Amino acid sequence: MIIVRDAPGLASFAGGVFVPTMGALHAGHRALIEHAAALARARRPSRPVVVSLFVNPTQFNEKSDFELYPRDEASDARLCEQAGADCMFAPTVETIYPLAAPVALPPLPEVATAPKLEDAHRPGHFAGVCQVCARLFDLVRPSAAILGEKDWQQLAVIRALASRIAPPLEIVAHPTIREPDGLALSSRNTRLAPNHRRQATALVKALLEASRHDEPTAAEKAGRRVLLASRIVPEYFVIRDAATLLTPAPDRPARALVAARVGQVRLIDNAPWPGFALPHDR
Ligand code: AMP
């Protein structure tokens with residue numbers, strides 16, 4: 001595996017299968033990279049696997065969250081190599097945002113501003129995500145990108161962004177990887193104190209409880225009740241149409257989505273609704 005820091009170094013990896021990340025890689029990212037490797041090897045001709053590591057300053061709306069975001073490049077490089085990456089792209093801020101050539105903000109897909117979801121709590125976040133993804137896609141020139149379902153609204157936003165690229169970039173979704181107790185893996189979990197780590201399992205418990213109700217309002221109430229019982233006041237706990245993230249329609253797939261602060265750490269999770277179960281409960 002080669003570590004690349006600038007645009008010229010990427011030239012031989014064009015057309016690859018791409019996994020964009022902010023680093024601090026865990027088993028969830030590993031699963032995405034392994035998925036990318038399987039896909040890349042199955043293509044004819046086979047493709048390279050490129051993983052990017054870049055903590056994008058423009059998508060953080062809290063300075064402290066950006067500064068406290070965990071970083072460990074040496075351990076990330078080991079994980080990338082073991083999982084089957086051919087190239088780890090770890091650019092400097094100047095490579096992504098050259099002072100001489102400001103990087104445009106692409107038009108924001110509609111799904112980014114679905115009411116009472118991420119945009120209501122992290123204004124400007126998806127503008128930053130779209131800016132960095134458009135720039136990364138331009139530099140890496142992948143044929144496909146693998147994204148996690150863990151960040152469901154981000155997945156919908158990037159799908160919309162990718163569909164506007166010519167030729168459209170293929171987006172492949174990977175299911176959420178969870179701890180044995182159901183907590184979705186996240187780089188931010190390392191910042192949870194032990195008592196908050198225990199409290200954080202309420203998010204997945206709320207998604208499971210909501211899944212037992214097949215009417216959206218009853219499901220939202222049930223999910224919120226579980227969170228409040230663990231002394232967590234959610235930023236949102238909602239049932240939405242899985243694609244538009246607007247009000248669910250009876251004949252279309254729906255999703256339960258949650259965001260909440262546990263201690264100082266903001267966590268998000270989501271699950272198909274209804275019918276969500278953890279693997280060992282099925
Ligand atoms: P991040 O660097 O954590 O912001 O995310 C990089 C990619 O990994 C995104 O596509 C995320 O959705 C995905 N990801 C993060 N956590 C998980 C997880 N627990 N399971 C699956 N994918 C994940």
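Because the structure is predicted, anything quoted here is derived from the model rather than measured. First listed ligand is number 1; within each ligand, the first listed atom is number 1.
Of the protein's non-hydrogen atoms, Met22 N, 2.8 Å is the one closest to atom 2 (O) of ligand 1. At the shortest separation from atom 23 (C) of ligand 1 among protein heavy atoms lies Lys150 CB, 3.9 Å. In terms of protein heavy atoms, atom 6 (C) of ligand 1 is closest to Pro20 O, 3.4 Å. Annotation: atom 11 (C) of ligand 1 to nearest protein heavy atom, Asp151 OD2, 3.1 Å. In this structure, atom 13 (C) of ligand 1 lies nearest to the protein heavy atom Leu32 CD2, 3.7 Å. Of the protein's heavy atoms, Ile177 N, 2.9 Å lies nearest to atom 20 (N) of ligand 1. Shortest contact from atom 3 (O) of ligand 1 to any protein heavy atom: His29 NE2, 3.0 Å.
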Without placing hydrogens or testing angles, list every side-chain donor-acceptor pair under 3.5 Å for residues 97-110, not counting sequence neighbours.
from	atom 1	to	atom 2	distance (Å)
Tyr97	OH	Asn56	OD1	2.6
Tyr97	OH	Thr58	OG1	3.2

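Listed for the Arg71 side chain is a donor-acceptor partner under 3.5 Å among the backbone atoms of Tyr69. Listed for the His174 side chain is no donor-acceptor partner under 3.5 Å among the backbone atoms of Leu147. At distances below 3.5 Å, not a single donor-acceptor pair connects side-chain atoms of Asp269 with backbone N or O atoms of Ala271. Looking only at distances, no side-chain donor or acceptor of Trp273 sits under 3.5 Å from a matching main-chain atom of Leu207. Distance alone, capped at 3.5 Å, places no donor-acceptor pair between the Gln153 side chain and the Leu245 backbone.
Interface of Leu147 with ligand 1, defined as ligand atoms under 4.0 Å from a residue heavy atom, comprises 10 (O). Distances below 4.0 Å separate heavy atoms of Thr21 from the following atoms of ligand 1: 2 (O), 6 (C). Here is the list of ligand 1 atoms found below 4.0 Å of a heavy atom in His26: 16 (N), 17 (C). Taking a cut-off of under 4.0 Å to the non-hydrogen atoms of Leu185, the atoms of ligand 1 that pass are 16 (N), 17 (C), 18 (C), 19 (N).
For ligand 1, the polar-atom distance check finds an N/O of Gly148 within less than 3.5 Å of one of the ligand's N/O atoms.
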TODO: May I have the step-by-step check of side-chain contact (heavy atoms from CB on, under 4.5 Å) for Phe18 and Leu169, ending in yes or no?
DONE: CA-CA 10 Å; Phe18 180 39; Leu169 170 64; over 6 Å; no
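Counting heavy atoms closer than 4.0 Å to ligand 1, residue Pro175 contributes backbone atoms (N, CA, C, O) but none from C-beta onward.
Atom CD of Gln264 has 12 or fewer heavy atoms from other residues, nucleotides or ligands within 6.0 Å.
Relative orientation of the Phe66 and Phe60 rings is perpendicular, given thresholds of 30° and 60° on the angle between their planes.
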